[in-house]
Amino acid sequence: EVAQGLTELAKGGVNVADIMAGAAAATLDLATAGEVDLATASSITADALNLFHLKGEDVRNVVDQIAGVANATTTDVGEFAMAMSMGGGAAAVAALDFHDLALAIGAMAESGLKGSDAGTSLKTMLLNLQPTTKDAKKAFEELNLVTADGKSKFVDAEGAIRSVRDIADLLQESLDGMTESDRLRLLEKAFGTDALRAAGALAKEGAEGIDKLIVAMDNVTASDVAAGKMEGWSG
């Protein structure tokens, strides 16, 4: 199992020096914290590195963020991996970083949206942040998500997709004061049926909720969680 775990890290682009310098230990912490085997933890870590073009020196940061989300919300490491598998590619294409992906997965988990369903919903939402159909454009206008020059507010002046925090803030502001039926109708038209849940979850959190999630995530490390799991007789 150890050999398989190290092989997965190597396949993810982690060199021997980085593995020996702490990447292997960090991945072992993730395995213990998430109660998964080492090979699975290594595969999850390697996938994150590949998706977001990270390096071996980033392993500790990656596993800390995964453990942080699992500790701060009702999702777990396995469900995080499934969400990343389905939505991570779209997040990377949208030029979001791994921290943004982790925040989105955590925010969706807070609304009961987890695993592959969360990843699929997030992927569809990200693909529709710039409306292309007539109905979507009309919904964006009704939600006040269009700038004076007709562009999506989810895209900044340089043409880059805004952060998950900004997306959540814009969604919450756009839906403020609306009835539940109007919210559902407009979100479905703007983003599609699959993305409705992801958009709704981010809108529910808003910037304030995302900020709280950031604090909760960043105050926990995989080694902290692993140490807690190893305490006492059961540990």
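Keep in mind that the numbers below use all heavy atoms, side chains included, and drop hydrogens, waters and symmetry copies. Remember, predicted model here, so these are calculated numbers, not experimental data.
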Taking [X] first and then [Y], would you say they form a salt bridge - that is, a charged N and a carboxylate O separated by under 4.0 Å?
X: Lys138; Y: Asp135; answer: no
X: Glu208; Y: Arg165; answer: no
X: Asp166; Y: Lys153; answer: no

Does some side-chain heavy atom of [Y] sit less than 4.5 Å from a side-chain heavy atom of [X]?
X: Asp194; Y: Met125; answer: no
X: His99; Y: Met217; answer: yes
X: Arg60; Y: Ser223; answer: yes
X: Leu129; Y: Ile161; answer: yes
X: Ser85; Y: Asp47; answer: no

From [atom1] ([X]) to [atom2] ([Y]), nearest 0.5 Å:
X: Leu186; Y: Leu175; atom1: CG; atom2: CG; answer: 7.5 Å
X: Leu38; Y: Thr45; atom1: CG; atom2: OG1; answer: 9.0 Å
X: Asp169; Y: Leu202; atom1: CG; atom2: CG; answer: 11.5 Å
X: Leu113; Y: Glu79; atom1: CG; atom2: CD; answer: 10.5 Å
X: Thr124; Y: Arg197; atom1: OG1; atom2: CZ; answer: 9.5 Å
X: Ile210; Y: Ile167; atom1: CD1; atom2: CD1; answer: 9.5 Å

Contacts of Glu205 that satisfy side-chain hydrogen bond (donor to acceptor under 3.5 Å, both in side chains) - sequence neighbours left out
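Partners of Glu205 by the side-chain hydrogen bond (donor to acceptor under 3.5 Å, both in side chains) criterion come out as none, since no residue qualifies.
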Less than 3.5 Å apart, any donor N or O on the side chain of [X] or [Y] sitting next to an acceptor on the other?
X: Thr75; Y: Thr73; result: no
X: Gln130; Y: Ser152; result: no
X: Asn61; Y: Gln65; result: yes
X: Thr32; Y: Asp29; result: no

Could you tell me which non-hydrogen atom of [X] sits nearest to which non-hydrogen atom of [Y], and how far apart they are?
X: Lys204; Y: Ser111; value: CD-OG, 3.5 Å
X: Phe154; Y: Leu171; value: CZ-CD2, 3.8 Å
X: Ser42; Y: Thr27; value: OG-CG2, 3.3 Å
X: Leu49; Y: Lys55; value: CD2-O, 3.6 Å
X: Asp224; Y: Asn219; value: OD2-O, 4.5 Å
X: Ala102; Y: Val69; value: O-CG2, 3.5 Å

Would you say [X]'s side chain and [Y]'s backbone share a donor-acceptor pair under 3.5 angstrom?
X: Asp182; Y: Met178; value: no
X: Ser43; Y: Ala39; value: no
X: Thr132; Y: Asn128; value: no

Query raised in the report: Between Thr40 and Asp37, is a side-chain hydrogen bond (donor to acceptor under 3.5 Å, both in side chains) present by the stated rule, with each step listed?
Result: CA-CA 5 Å; Thr40 298; Asp37 60 57; 2.8 Å; yes
Query raised in the report: According to the salt bridge (charged side-chain N to carboxylate O under 4.0 Å, His left out) rule, which pairs have a member within residues 108-128, sequence neighbours left out?
Result: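 Pairs touching residues 108-128 that pass the test: none.
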Quick check on the hydrophobic clustering: are [X] and [Y] connected, directly or via other members, by side-chain heavy-atom contacts under 4.5 Å?
X: Leu184; Y: Leu145; result: yes
X: Phe80; Y: Leu54; result: yes
X: Met108; Y: Met82; result: no
X: Phe52; Y: Val77; result: yes
X: Leu170; Y: Val155; result: yes

- Message: Please determine whether side chain to side chain contact (heavy atoms under 4.5 Å, CB included) holds for the pair Leu96 and Leu101, giving the CA-CA distance in whole Å, both sets of side-chain angles, and the decisive distance to 0.1 Å.
- Response: CA-CA 7 Å; Leu96 298 179; Leu101 174 66; over 6 Å; no
Original post:
Got a sec, which residues hit ring pair (Phe, Tyr, Trp, His ring centres under 6.0 Å) with Phe191, two or more places apart in sequence or on another chain?
Top reply: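 Ring pair (Phe, Tyr, Trp, His ring centres under 6.0 Å) list for Phe191, sorted by chain: Phe140.
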| field | Test side chain to side chain contact (heavy atoms under 4.5 Å, CB included) applied to Ser174 and Asn144, step by step | value | CA-CA 6 Å; Ser174 70; Asn144 192 30; 5.6 Å; no
Run through Leu51, Val62, Asp58 and flag the one making a side-chain contact (heavy atoms from CB on, under 4.5 Å) with Phe98.
->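 Looking at Leu51, Val62, Asp58, the match for Phe98 under the side-chain contact (heavy atoms from CB on, under 4.5 Å) is Val62.
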